[in-house]
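Before any comments, here is the structure.
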Amino acid sequence: MARPYQPEGSVRTRPKKKTERPHLYKVILLNDDYTTMDFVVHILKTVFHKPHDEAVRIMLHVHHNGSGLCGVYTKEIAETKVKMVHDLARKNNFPLRCVMERE
Ligand code: TYC
């Protein structure tokens with residue numbers, strides 16, 4: 001039986017790999033006793049692009065429960081958000097912290 005024509009030197013590619021989805025990371029804001037509520041709302045509006053009412057809701061959730069979700073992002077974006085929060089907090093002398101957690 002005739003074999004399919006496969007000229008020597010032709011490029012025989014592997015079956016195409018499925019496109020992999022990037023890992024996603026939660027960015028979680030932590031409560032503390034010193035950062036003002038207004039500053040946390042400001043952070044949620046400017047860094048996480050939350051509308052005012054949602055920013056207040058998240059801030060109060062963190063205040064009452066110890067932590068709260070700000071958003072879910074790819075690794076580099078999550079790292080950038082965490083750094084922005086820490087830089088803005090430090091500049092304003094607040095101990096506000098946030099962490100990222102792989103989903
Ligand atoms: N617990 C702070 C206060 O009573 C307010 C606060 C809320 C601080 C959320 C941090 O992520 C935070 N002033």
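Atoms within a ligand are numbered from 1 in the order they appear, just like the ligands themselves.
Proximity of a side-chain donor or acceptor of Asp32 to a complementary backbone N or O of Tyr34 within less than 3.5 Å is detected. With hydrogens and angles disregarded, a donor-acceptor distance shorter than 3.5 Å links the side chain of His86 to the backbone of Cys98.
Short contacts between ligand 1 and Leu96, defined as distances under 4.0 Å to a heavy atom of the residue, involve ligand atoms 10 (C), 11 (O), 12 (C). Close contacts between ligand 1 and Leu29 involve ligand atoms 11 (O) [criterion: under 4.0 Å to a heavy atom]. Annotation for ligand 1: atoms under 4.0 Å from non-hydrogen atoms of Leu30 are 10 (C), 11 (O), 12 (C). In the vicinity of Val62, heavy-atom distances shorter than 4.0 Å reach the ligand 1 atoms 9 (C), 11 (O), 12 (C).
Remark: minimum distance from atom 2 (C) of ligand 1 to any protein heavy atom is reached at Asp32 O, 3.2 Å.
Rounded to the nearest 0.5 Å, atoms CG (Leu60) and CG (Asn31) are 10.5 Å apart.
Closest heavy-atom approach to atom 12 (C) of ligand 1 among the candidates Ile43, Asp38, Val40: Val40. Of the candidates Thr35, Val41, Thr36, Thr35 brings a heavy atom nearest to atom 13 (N) of ligand 1.
Residue-to-ligand polar distances place Asn31 within reach of ligand 1: an N/O pair is separated by less than 3.5 Å. Ligand 1 has an N or O atom lying under 3.5 Å from an N or O atom of His63, backbone or side chain.
Counting heavy atoms from C-beta on, the side chains of Val40 and Leu29 come closer than 4.5 Å. Between Val27 and Val85 the shortest side-chain heavy-atom distance does not fall below 4.5 Å.
Using bins of under 30°, 30° to 60° and over 60° for the plane-to-plane angle, the ring pair Tyr25/His23 lands in the perpendicular bin.
No more than 12 heavy atoms of other residues, nucleotides or ligands lie within 6.0 Å of CD in Glu76, so this atom counts as exposed by the packing criterion.
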